[in-house]
Number of protein chains: 2
Amino acid sequence: MPTGKPAVPSVWARQRHKREQPALSQDRIVAEAVRLLDEEGIEALSMRSLGTRLGAGATSLYRHVASKDELIELVVDEVYGEMEVPDGSGAPWRESVTACAGSLRAMILRHPWVASVLGQVGLAELGPNLTRQSERMLALFHRAGFPAGEADRAMSTVIAYVIGMTVSEAAYLSMLARSGQSEQELAEGLRRIAEETVRDLPLLREGYDQRAGEDPSRLRDEGFAYGLERFLDGLQVRLDALGSHR
Amino acid sequence: MPTGKPAVPSVWARQRHKREQPALSQDRIVAEAVRLLDEEGIEALSMRSLGTRLGAGATSLYRHVASKDELIELVVDEVYGEMEVPDGSGAPWRESVTACAGSLRAMILRHPWVASVLGQVGLAELGPNLTRQSERMLALFHRAGFPAGEADRAMSTVIAYVIGMTVSEAAYLSMLARSGQSEQELAEGLRRIAEETVRDLPLLREGYDQRAGEDPSRLRDEGFAYGLERFLDGLQVRLDALGSHR
DNA sequence: TCACCATAGCGCACGGTGTACGCATCGGCG
DNA sequence: CGCCGATGCGTACACCGTGCGCTATGGTGA
């Protein structure tokens, strides 16, 4: 056998293997990965850095996880588990859906790295947590009065809105963090660049002036709520139409 | 100077530099990057591979582009330029916005790699093309009757929906392409996995059964249109309320 | 008690990545 | 003609994901 030098047959081996920690496991790996991502962001996640945090070598992780891509799928499904989907009994459907949307948004803002991997993992292939949440959320729309063939469309629509909106918020916030500037300065800078490169942007400028001086974080919350309300209004219109046809 | 060995002072140098192609330039680099991404996807884009396609060394690109990240921003802004935003004079606002949304969706499906970088580049920091398109699109909402402080919210809302919806479509399609299965088989497989891991998913199953046998591509188009219609209905409700207050 | 074996962790190595740096060469200007 | 800024290139570095074969471990059946 021409490959590999024998590893050191040292007396330390015993100690290395007898760890006080509950040993490596997929759960532990995923949990630590979430922590690493929250603390240092997506570009800090490497098999080596994760292994180090777990007191293990990089390649040891592969006993519990097929690849980095699979790890990311697991990690994303893990945080989907944090979403809270009310069971909707008793409360009006708008309230339940609003709570649910807010919870999804809060989860993404709590774990902004989700934004940068969503395009890769998609939504379909995700694990048990997302599946469970979808089933529960679907129940909200059924209860609201959408027929079977339409409830899933209504649901995807709302999820798409929440994700699209929040991902762009998260990306903006991460740019803000990277830039090291205050939100004020950053917004000013972006506006200046836009006006220099394009020139003559009366409408964008009008919006900017109107927002100047307001609390940006509150503006984001309100913007999110505004769109969601419009959306729910539209769904209500549809529900009314369905009801009157019957 | 202790660094570097002198490069070969060869007679070929002259030929290397006298290229029939119009030399390297940022435009040429960005255009070729788009082509590479369309043909081979995001993971095939490396500075080396792109350099090769341009008949240049990897590091030569850095004379025209600050980093790979900047290249990606440029590339994304480039494809935003493909969007068609009607100027809205004459047509009802719903039609204009629908056309606009459809054009954005078509652009992303034409360049599915956009989905996998949107979380990184966000929407705010983007270049002249996105800025111009935003201004034009904003005009549609002004014309529809939204006041200055609300038109931009309505616009972001619609964009968020379109992007969220289309990114998840694109991710699904890329999974489909990678899997090598037929869409039928893939859907079946996903459903089986979901039911095995979670069990008891009556609502999701109901939706699945209802969709079985339909043309998946048409279903996607319809799903997108359905959500957009609900959205526009909601915006119309808001417009009516604004009108009656006046 | 012993031999055995599946499992888990590790070290090494490979091919690939983004990019800093300094040199070679070019075209255009004085 | 002599120079100089702009442009391309080769080399090198640190880092990445991960395949491979080794070893130590703890449980099982004889």
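Convention: sequence-line order gives letters A, B, ...; per-chain numbering from 1.
- At D:dT7, none of the side-chain N or O atoms of B:S60 fall inside 4.0 Å of OP1 or OP2 (strictly under the cut-off).
- Here B:H64 does not reach the OP1 or OP2 of D:dA6: none of its side-chain N or O atoms lies under 4.0 Å away.
- Contact check on B:D221 versus B:R105 returns a salt bridge, with a Lys/Arg side-chain nitrogen under 4.0 Å from an Asp/Glu carboxylate oxygen.
- Of all the heavy atoms in A:T131 and B:L204, the pair that sits closest is O-CD1, 3.8 Å.
- Applying the 3.5 Å distance criterion, the base of C:dG16 shares no donor-acceptor pair with the side chain of B:R48.
- The aromatic rings of B:F224 and B:Y161 lie parallel to each other, their planes meeting at an angle below 30°, with 60° marking the opposite boundary.
- The distance between atom CG of B:L50 and atom P of C:dG16, rounded to the nearest whole Å, is 17 Å.
- Rounded to whole Å, the distance from CG on B:L71 to C1' on C:dG18 is 12 Å.
- The CG-P distance, from B:L45 to C:dT17, rounds to 10 Å in whole Å.
- Atom CZ in A:R63 sits roughly 13 Å away from atom P in D:dC22 (whole-Å rounding).
- Nucleotide C:dC26 holds its P atom 17 Å from the CG atom of B:L24, rounded to whole Å.
- As rounded to whole Å, 10 Å separates atom C1' of C:dG18 from atom CG of B:D69.
- One interatomic measurement links the two molecules: CD of A:E43 to C1' of D:dC15, which rounds to 14 Å at whole-angstrom precision.
- Side-chain contact annotation: A:S174 with A:R178, donor-acceptor N/O pair under 3.5 Å present.
- B:T59 contributes a side-chain N or O that forms a donor-acceptor pair with the base of D:dG10 under 3.5 Å.
- In this structure, B:E70 places its CD atom 10 Å from P of C:dT19, rounding to the nearest Å.
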